[in-house]
Amino acid sequence: MKDVAVLGVGMHRFGMWAEKSNADMAREAGLAALRDAGLSFRDVQAAYVGYIFAPVMSAARTMKEFGLTGIPVQRVENASATGSAAFREACFAVESGRHDVVMVLGFDKMSEMIQRSGAGTDPAYLEDSILPAAFFAMWATRRIHERGTKPEHLAAIAAKNFNNGALNPMSQRQPDAPVTVEKVLASRMVAWPLTAMMSCPIGDGAACAIVGRPETARRLRPERPVVRVLASELQTERYEQASLGPADMDLVQVHDAFAIEELEYYELLGLCREGEAEAAIERGDFALGGRVPVSTDGGLIARGHPGGPTGLAQIWETTLQLRGEAGRRQVKDARVGLCHMMGGGSVCAIHILARE
């Protein structure tokens, strides 16, 4: 991908926000991204809007919160990878020359979806509500059988992500004290060996990114580094497009809805060799200060996973990291970051961002 940069990013903190609508959260995230970019909504030429659970036409209605400027608005949905897929479309719109400045907005209120469906309360919906946990529990059980993985390895991933989330003001789960492996193992069992603290929460939230040309980023914010989009893929050629490899990654965000996922993705993304994830966890390779920090903002497990905005939250975090603006969770000398999102077990979206 050539000549595409992230101009600005913004978020509404993920959490349980019964008093707020999707429009409320989306407006806050979108205005934050515009301020971060140094733009007004009149500068935006198109919008891609991602959500899973909101009603029909929510994309167009929500964009009216920013003004009636007549721009084209396209809704995108791709399960958990919805925000990532919307970001991909916006990047292509800029790369193709069709637009110079594009807004990507993601939002969802998963808490309302659960209430409407009755999942978690009505036994008739119980099977649907536990299906993801049961699937990934089987994945974890198989790994334990084949590789000798221990529940403590999964708990170490979750504890890392909780502690990273405590450093992120936009994280849904922000523990008051450091989370230990023992605390994770002692939390409520969801589907063996996965406990509640090894699993992402439901919640609500919004996230936004503005994409445009690198020269626009330099003109608007000459005081800070330009963050370029080097690759955007829905296939396996994740590194080839950027002419980079796993060893070039300074930080990585993954779809860690359950701790077993993050463990498997260490190997599948080439961050360590097959069968070596457990040893790498024990060494602290993927913790802040480690060889390649993963889920620096807390990941889905701590930052949260409302659905539509999740992939854009990864873009928010990686952009801040590459600018050197991530505060206490800052990865030293970060120059290249990878964002990975799965969707419904059948979609894999990869973006590689780099500091210019």
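Computed from a prediction, not measured in an experiment: that's the story for all the values here.
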Shortest non-hydrogen separation from Pro72 to Gln45 and the atoms involved: CD-O, 3.3 Å

In Å, rounded to the nearest 0.5 Å, how long is the span from CZ of Arg303 to CH2 of Trp316? 9.0 Å

Counting only N and O atoms by type, is there a donor-acceptor contact under 3.5 Å from the side chain of Asn164 to the main-chain atoms of Ser295? yes

Are Arg143 and Glu267 within salt-bridge range, i.e. N to O under 4.0 Å? yes

State plainly whether one hydrophobic cluster holds both Val254 and Leu338, where clusters connect Ile, Leu, Val, Met, Phe, Trp and Tyr through side-chain heavy atoms under 4.5 angstrom apart. yes

Salt bridge check, Glu356 against Arg224: does any charged N sit closer than 4.0 Å to a carboxylate O? no

Between Arg219 and Glu215, is the closest basic N to carboxylate O distance under 4.0 Å? no

Measuring from Arg42:CZ to Ile71:CD1, what's the distance to the nearest 0.5 Å? 12.0 Å

Taking all non-hydrogen atoms of both residues into account, name the closest pair between Val94 and Asp100 and its distance. CG2-O, 4.3 Å

Whether Glu278 and Arg283 form a salt bridge (side-chain N of Lys/Arg under 4.0 Å from carboxylate O of Asp/Glu) is what I want to check. no

Please enumerate all residues that pass side-chain hydrogen bond (donor to acceptor under 3.5 Å, both in side chains) together with Gln330, with sequence neighbours excluded. Gln321

Donor-acceptor pair, Glu77 side chain versus Ala79 backbone, under 3.5 Å? yes

Cation-pi check for Phe66 against Arg27: NZ or CZ below 6.0 Å from the six-membered ring centre and within 45 degrees of the axis, yes or no? no

Once ring pair (Phe, Tyr, Trp, His ring centres under 6.0 Å) is applied, what residue pairs with a partner in residues 164-185 remain, sequence neighbours excluded? none

Can you list, pair by pair, the side-chain donor-acceptor contacts under 3.5 Å of residues 195-207, counting residues two or more places apart and other chains?
residue, atom, partner, partner atom, Å
Thr195, OG1, Val184, O, 3.0
Thr195, OG1, Ser187, OG, 2.9
Ser199, OG, Thr195, O, 2.9
Asp204, OD1, Met110, N, 3.3
Asp204, OD1, Ser111, N, 3.2
Asp204, OD1, Ser111, OG, 2.7
Asp204, OD2, Trp17, N, 2.9
Asp204, OD2, Lys109, NZ, 3.2
Asp204, OD2, Ser111, OG, 2.9

With a 6.0 Å cut-off on the ring centroids, do His255 and Tyr265 count as close? no

Dump the intermediate steps for side chain to side chain donor-acceptor pair (under 3.5 Å) on His153 and Glu282, then the final yes or no. CA-CA 8 Å; His153 291 119; Glu282 294 169 6; 2.7 Å; yes

